[in-house]
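Predicted model, so just to flag it, every value in this text is computed and none were measured.
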Amino acid sequence: MEFFCGLDVGMDETAICVVDGTGKVVLEVAVVTDPDAIKTALEPYRGRLRRLGHEAGSLSPWLHPELLKLGLPAVCLETFHVRAALKAQRNKTDRTDALGLAHLMRTGWFRKAHIKSEACYRLRLLLTHRRNLKRKFLDLENAIRHSLKVFGIRLSHVGRGGFAQAVREAVAGDALVSELIDAMLNARAALWTEYCRLHDLVVKLVAGHELCRRFMQIPGVGPVAALSFMTAIDDPARFKRSRDVAAYFGLTSRRWQSGTSIDVQGRISKAGDGDVRRALYEAASALLTRFKRKDKVKTWGLAIAKRTSHRKATVAVARKLAVIMHAMWVDGTFYCGDPGASRTDVSARAAAKDRKLLGAHA
């Protein structure tokens with residue numbers, strides 16, 4: 001008889017449930033969240049253990065490869081799908097979650113989540129910390145602006161470079177407020193320094209990566225967008241078609257259809273990596289509004305904007321960019337947005353862009 005296992009992974013303990021082919025529970029136990037401890041608990045069933053499922057989480061990039069190394073048939077499950085399936089349970093506990101995961105393994109009604117490579121997670125960590133530093137910097141700046149409104153001081157026309165000097169001059173007459181604001185401005189300056197350090201590291205890594213430099217030949221796609229897209233995909237072969245990438249990042253419309261009378265086409269799903277979706281949206285916006293040369297994607301997007309709205313056109317162009325970038329990755333091709341341009345002109349523009357990127361960190 002075959003057995004199926006579900007793991008509800010926690011920071012300290014992992015609930016384990018094993019069921020047989022008929023759904024009968026044969027083991028329920030909690031062990032320390034450690035691959036060796038999990039292997040020891042499942043040792044009596046290893047020879048007939050067909051699938052072992054665990055939900056994708058913060059520990060998955062470490063736990064999943066370790067379970068595979070120990071010879072366990074581990075499967076990482078998509079979180080959204082698991083959450084929807086487990087809603088049918090009356091009570092939610094670690095024990096019942098492990099039981100529900102075991103039944104999902106037994107029935108085969110699950111979706112696999114992709115576990116990225118360790119190198120990919122390192123690059124994503126860089127992007128995550130860069131984003132966090134920028135958000136904290138903006139939070140501090142907005143807090144300073146808001147606190148000064150109490151005294152009637154409005155800094156609506158002050159740029160980032162002259163912000164600190166303008167604030168110090170505005171509160172120079174109040175010793176207490178000046179001391180408080182000075183501490184906030186020093187923290188803001190420290191955050192900006194470290195943010196620039198991480199941003200420079202992003203640019204340096206992109207400058208030395210051939211695929212990212214090819215992505216950046218697309219107008220509007222910068223170092224952050226190129227690196228975000230590459231690390232989010234990790235393995236392009238896991239998508240059968242390039243257009244599936246747009247749905248993976250939540251850039252396709254939701255649909256609600258029932259019978260012949262209900263068929264609603266909604267807004268985009270916003271599923272998947274939000275950082276990549278935002279980066280693609282910003283790249284699409286830059287292509288439509290800032291790029292001045294001829295480009296067939298830009299022409300296509302502007303035609304959509306005339307029929308509907310600029311916002312919908314930007315989403316459509318972002319969806320198109322995701323498809324194009326995946327196709328470039330798979331085929332090893334280069335982007336040529338102007339069909340009338342000669343190959344020499346395209347190569348010259350690409351070389352100039354590479355020299356500019358590489359020259360910043362020579």
Side-chain angles (χ1 to χ4, degrees), residues 11 56-61 79-80 116 120-150 153-168 170-171 180-207 212 215-216 220-234 248-251 267-287 289-290 311 314-315 318 321-322 360-361:
M11 293 297 296
S58 57
L59 293 177
S60 299
T79 304
F80 183 80
K116 300 179 178 65
C120 182
Y121 277 111
R122 292 179 184 275
L123 294 176
R124 288 179 64 81
L125 185 63
L126 169 61
L127 292 169
T128 300
H129 287 334
R130 173 194 171 276
R131 176 199 64 202
N132 289 336
L133 283 180
K134 187 173 184 180
R135 286 181 176 176
K136 300 303 180 184
F137 169 82
L138 293 176
D139 287 343
L140 273 182
E141 188 171 285
N142 290 332
I144 294 171
R145 288 179 182 272
H146 181 73
S147 62
L148 294 180
K149 292 178 183 179
V150 178
I153 301 173
R154 291 164 289 182
L155 302 170
S156 55
H157 300 292
V158 178
R160 182 161 292 160
F163 179 80
Q165 183 64 26
V167 171
R168 287 189 170 97
V171 300
L180 295 174
I181 293 298
D182 189 64
M184 296 288 284
L185 289 175
N186 289 338
R188 171 184 175 272
L191 282 174
W192 181 253
T193 300
E194 298 305 320
Y195 163 76
C196 291
R197 177 183 174 185
L198 294 187
H199 181 75
D200 290 343
L201 184 55
V202 170
V203 177
K204 184 177 181 180
L205 288 172
V206 170
C212 289
F215 286 159
M216 288 181 61
V221 176
V224 174
L227 191 61
S228 298
F229 183 86
M230 185 193 74
T231 55
I233 296 296
D234 186 39
Y248 179 72
F249 291 128
L251 289 167
R267 294 181 179 272
I268 60 173
S269 65
K270 294 186 179 180
D273 195 324
D275 290 333
V276 179
R277 186 168 56 253
R278 283 186 288 271
L280 291 172
Y281 185 89
E282 291 175 2
S285 179
L287 173 59
T289 58
R290 300 180 186 177
R311 186 175 181 180
T314 306
V315 173
L321 291 180
H361 295 276

Inset, instruction - Identify the two heavy atoms, one from Ala284 and one from Ala318, that lie closest to each other, and give their separation to 0.1 Å. - result: CB-N, 3.5 Å
Legend entry - Exercise: identify the closest heavy-atom pair between Leu198 and Arg130: CD1-N, 3.7 Å
Inset, instruction - Quick one: list whatever passes salt bridge (Lys or Arg N to Asp or Glu O under 4.0 Å) with Asp139, sequence neighbours left out. - result: none
Legend entry - Thr79 (side chain) donor-acceptor with Ala56 (main chain) under 3.5 angstrom: yes
Inset, instruction - Might you confirm whether atom CZ of Arg154 has over 12 heavy atoms from other residues, nucleotides or ligands at distances under 6.0 Å? - result: no
Name each donor-acceptor pair under 3.5 Å that joins a side chain in residues 131-138 to protein atoms two or more places apart or in another chain, with its distance.
| from | atom 1 | to | atom 2 | distance (Å) |
| --- | --- | --- | --- | --- |
| Arg131 | NH1 | Asp275 | OD1 | 3.3 |
| Arg131 | NH1 | Asp275 | OD2 | 2.2 |
| Asn132 | ND2 | Thr128 | O | 3.3 |

Inset, instruction - Would you indicate whether the side-chain heavy atoms of Cys212 and Met230 approach each other to under 4.5 Å? - result: yes
Inset, instruction - Would you please name every residue forming a ring-ring contact (aromatic ring centres under 6.0 Å, His included) with Tyr281, sequence neighbours left out? - result: none
Legend entry - Shortest non-hydrogen separation from Val276 to Ser228 and the atoms involved: CG2-O, 3.5 Å
Inset, instruction - Find out whether Leu287 and Thr314 are in side-chain contact, i.e. whether some heavy atom of one side chain is under 4.5 Å from a heavy atom of the other. - result: no
Legend entry - Rounded distance [0.5 Å steps], SG in Cys120 versus CG in Leu227: 8.5 Å
Legend entry - From Ser269 atom OG to Leu251 atom CG, the distance as rounded to the nearest 0.5 Å: 7.5 Å
Legend entry - Side-chain heavy atoms of Val167 within contact of Phe163, under 4.5 Å: yes
Legend entry - Between CG on residue Asp234 and CG on residue Leu123, distance to nearest 0.5 Å: 10.0 Å
Legend entry - Least distance between heavy atoms, Ser147 atom then Ile144 atom: OG-O, 2.9 Å
Inset, instruction - Find the distance between CG (Leu148) and CD1 (Ile181) and round it off to the nearest 0.5 Å. - result: 4.5 Å
Legend entry - Separation of Leu185 CG from Leu140 CG (nearest 0.5 Å): 9.5 Å
Legend entry - salt bridge (Lys or Arg N to Asp or Glu O under 4.0 Å) involving Arg122 - partner list, sequence neighbours excluded: Glu118
Legend entry - Shortest non-hydrogen separation from Val224 to His199 and the atoms involved: CG2-CE1, 4.3 Å
Legend entry - Nearest atoms (heavy-atom pairs only) where Ala322 meets Leu280: CB-CD1, 3.8 Å
Inset, instruction - With sequence neighbours left out, write down each residue that passes salt bridge (Lys or Arg N to Asp or Glu O under 4.0 Å) with Arg188, or none if nothing qualifies. - result: Glu141
Legend entry - Rounded distance (nearest 0.5 Å) linking atom OH of Tyr248 with atom CG of Asp273: 7.5 Å
Inset, instruction - Mind checking ring-ring contact (aromatic ring centres under 6.0 Å, His included) for Phe229 and listing every partner two or more places apart, or none if nothing turns up? - result: Phe215, Phe249
